[in-house]
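All remarks here apply to the structure that follows.
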Amino acid sequence: MTLQSPSKMVCSALPVGWLSGMDLTANISMIDASADMRRSWNGEARNFADPLFNLYRVELSSGAGEYLTPALADLTPGTQFDLVIDGFFDCQIASGGTMKTLPRTPHPDFVIVKNLAWDDVPFAAEGRLITLAEPADGPVRIRYRPILTVVVWEPVKWSVKANSREVSWSLVAEELGGSA
């Protein structure tokens with residue numbers, strides 16, 4: 001049995017480690033307010049939602065082999081914290097391009113830039129701006145793990161199995177927003 005969490009999640013408010021985060025799942029979606037799909041006067045499908053609401057909802061939950069919950073007792077609805085999930089967001093730079101402003105600030109240790117052959121592409125990162133060393137000779141893929149400032153949206157849930165001592169837990173948070 002492995003005792004340390006295999007998760008690469010970065011979150012001081014929700015530390016996973018010994019016997020916790022063993023099979024962590026993060027479900028990511030846009031919040032409901034990010035979509036207000038309607039037809040325009042000529043029948044074209046358009047999103048009338050304000051772009052300020054292009055925010056993410058993150059549902060974290062435990063999996064099999066979990067024997068300790070993270071420190072959940074202080075994470076009540078309204079609690080804010082920074083979270084770097086154990087999963088990548090993807091963007092691209094088109095052929096001939098040299099720069100891309102990412103929608104979220106990347107964690108500096110988790111930025112990967114590759115061409116379609118999956119070769120490394122030299123780049124520089126400053127904040128959300130990714131700059132290639134030279135124009136892309138084909139599409140370039142940027143994979144990064146963003147730093148999300150989130151707020152606990154729903155009460156945290158956890159349960160304990162008396163016989164096996166396994167625990168399960170879940171936490172729902174949404175991006176804080178409010179900064180344009």
Side-chain angles (χ1 to χ4, degrees), residues 5-16 21 23-61 63 70 79-153 170-180:
S5 172
S7 175
K8 303 287 187 266
M9 180 176 75
V10 178
C11 180
S12 61
L14 190 68
V16 294
D23 190 19
L24 193 62
T25 297
N27 291 311
I28 301 112
S29 60
M30 299 297 285
I31 65 170
D32 290 340
S34 68
D36 181 12
M37 296 301 296
R38 292 185 267 159
R39 298 283 177 178
S40 66
W41 62 272
N42 65 353
E44 177 187 9
R46 293 189 52 208
N47 186 358
F48 285 88
D50 190 317
L52 291 175
F53 291 97
N54 286 343
L55 302 170
Y56 288 101
R57 176 182 182 91
V58 179
E59 299 176 39
L60 296 172
S61 60
T79 304
Q80 299 174 21
F81 59 93
D82 287 341
L83 171 67
V84 179
I85 59 167
D86 192 0
F88 286 89
F89 285 34
D90 294 282
C91 292
Q92 77 166 8
I93 297 176
S95 183
T98 58
M99 292 189 296
K100 174 73 175 182
T101 300
L102 301 174
R104 303 291 184 279
T105 302
H107 188 287
D109 295 339
F110 301 107
V111 180
I112 300 167
V113 180
K114 303 273 190 179
N115 62 20
L116 293 182
W118 210 244
D119 298 320
D120 289 328
V121 175
F123 71 96
E126 186 173 328
R128 292 174 35 208
L129 182 65
I130 303 296
T131 306
L132 302 182
E134 57 187 45
D137 59 0
V140 170
R141 187 173 194 159
I142 303 167
R143 306 196 80 218
Y144 72 103
R145 290 177 52 196
I147 302 167
L148 302 174
T149 299
V150 298
V151 59
V152 176
W153 201 255
S170 64
L171 173 117
V172 176
E174 291 189 2
E175 271 190 291
L176 184 60
S179 59

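The figures here come from the full heavy-atom set of this structure, side chains too, leaving out hydrogens, waters and symmetry mates.
Among residues two or more places apart in sequence or in another chain, the ring pair (Phe, Tyr, Trp, His ring centres under 6.0 Å) test is passed with F81 by none. P103 is linked by a side-chain contact (heavy atoms from CB on, under 4.5 Å) to C91, Y144, counting only residues two or more places apart in sequence or in another chain.
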N/O donor-acceptor pairs under 3.5 Å from side chains in residues 126-137, not counting sequence neighbours:
{"residue": "R128", "atom": "NE", "partner": "L102", "partner atom": "O", "Å": "2.6"}
{"residue": "R128", "atom": "NH2", "partner": "L102", "partner atom": "O", "Å": "3.1"}

All N/O donor-acceptor pairs, side-chain side in residues 44-58, below 3.5 Å, sequence neighbours left out:
{"residue": "N47", "atom": "OD1", "partner": "D36", "partner atom": "N", "Å": "2.9"}
{"residue": "N47", "atom": "OD1", "partner": "A49", "partner atom": "N", "Å": "3.0"}
{"residue": "N47", "atom": "ND2", "partner": "S34", "partner atom": "O", "Å": "2.9"}
{"residue": "D50", "atom": "OD1", "partner": "L52", "partner atom": "N", "Å": "2.8"}
{"residue": "R57", "atom": "NE", "partner": "E59", "partner atom": "OE2", "Å": "3.3"}
{"residue": "R57", "atom": "NH1", "partner": "E174", "partner atom": "OE2", "Å": "2.7"}
{"residue": "R57", "atom": "NH2", "partner": "E154", "partner atom": "OE2", "Å": "2.7"}

Side-chain donor-acceptor pairs of residues 110-122 under 3.5 Å, sequence neighbours excluded:
{"residue": "K114", "atom": "NZ", "partner": "D120", "partner atom": "OD1", "Å": "2.7"}
{"residue": "N115", "atom": "OD1", "partner": "A117", "partner atom": "N", "Å": "3.0"}
{"residue": "N115", "atom": "OD1", "partner": "W118", "partner atom": "N", "Å": "3.1"}
{"residue": "N115", "atom": "OD1", "partner": "D119", "partner atom": "N", "Å": "2.9"}

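To the nearest 0.5 Å, the span separating OG1 on T25 from CD1 on I85 amounts to 11.5 Å. To the nearest 0.5 Å, atoms CG (L60) and CG (L24) are separated by 5.5 Å. A distance of 11.5 Å separates CZ of F89 from CZ of R143, quoted to the nearest 0.5 Å. The distance from the CD1 atom of I93 to the CZ atom of F123 is 10.0 Å, given to the nearest 0.5 Å.
Taking a 6.0 Å sphere around CG of N27, one finds it holds more than 12 heavy atoms contributed by other residues, nucleotides or ligands.
Among residues at least two apart or in separate chains, side-chain hydrogen bond (donor to acceptor under 3.5 Å, both in side chains) pairs with a member in residues 91-112 are R104-E175.
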